[in-house]
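Following: one structure in structure tokens, then a few remarks.
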Amino acid sequence: METETATPWLTDAEQCAWRTYLDVNRMLTYQMEKDLQPFGLTYNDYEILVNLSESAERRLRMSDLAAATLQSKSRLSHQITRMENAGLVRRENCESDRRGLYAVLTDHGMDTMRKVAPHHVESVRKHFIDLLSPEALGDLHESLKPVADQLRGRRGKP
């Protein structure tokens with residue numbers, strides 16, 4: 001017979017903080033998606049472009065890109081195919097591992113990144129950064145860092 005343990009329900013303050021975080025996360029993601037639509041990009045597309053543009057030689061192994069963007073390899077493969085068709089990225093074989101593939105940012109992809117990035121940063125400022133004081137931003141970072149660190153350490157674990 002299993003022993004029941006009391007569920008530590010959220011206090012009113014905890015519930016309020018949790019639900020506000022969820023609301024902000026959903027609304028901010030929605031707004032970022034909406035602001036990228038005129039450029040024909042999704043938020044996931046933009047995240048891939050950012051990761052590739054910031055990597056050495058504008059390339060990442062597909063498995064590393066999947067991990068960086070928290071996507072399954074299958075889902076990333078479909079997305080890369082769509083982005084290849086748009087000329088933003090290409091796949092290249094990995095010389096050291098015949099089974100491995102790289103996602104590589106094309107010149108068109110880099111040009112797109114340069115064109116879109118200022119608009120994206122403007123959107124981030126308008127809908128997030130400029131609404132908080134520098135102190136609040138610092139507090140938010142310090143508050144969320146342990147959560148991010150803990151989740152990053154658990155990635156791929158049950």
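A quick note: this is a predicted structure, and the numbers were derived from the prediction, not measured.
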If you measure from [atom1] on [X] to [atom2] on [Y], what distance do you get to the nearest 0.5 Å?
X	Y	atom1	atom2	answer
I129	H127	CD1	NE2	12.5 Å
R58	S53	CZ	OG	9.0 Å
L76	I48	CG	CD1	5.0 Å

Problem - R90/D107 salt bridge by N-O under 4.0 Å criterion - result: no
Problem - Salt bridge flag under 4.0 Å for residues K126 and D35 - result: no
Residues, nucleotides or ligands: over 12 heavy atoms within 6.0 Å of [X] [atom1]:
X	atom1	result
R82	CZ	yes
R91	CZ	yes
E92	CD	yes
F39	CZ	yes

Practice task
Report yes if some heavy atom in the side chain of L65 is under 4.5 Å from a heavy atom in the side chain of R61; otherwise report no.
Solution key: no
Handout entry: Check: L28 and M32 side chains under 4.5 Å, non-hydrogen atoms
Key = yes
Problem - Which residues share a salt bridge (charged side-chain N to carboxylate O under 4.0 Å, His left out) with R75, sequence neighbours left out - result: none
Exercise for the section: Could you list the residues that satisfy salt bridge (charged side-chain N to carboxylate O under 4.0 Å, His left out) with K115, not counting sequence neighbours? Expected result: none
So which heavy atom on [X] is nearest to which on [Y], and how close?
X	Y	result
A103	L52	O-CD2, 3.3 Å
S143	P146	O-CD, 3.4 Å
T42	E33	CA-OE1, 3.6 Å

Problem - Path from Y102 to M113 over hydrophobic side-chain contacts below 4.5 Å - result: no
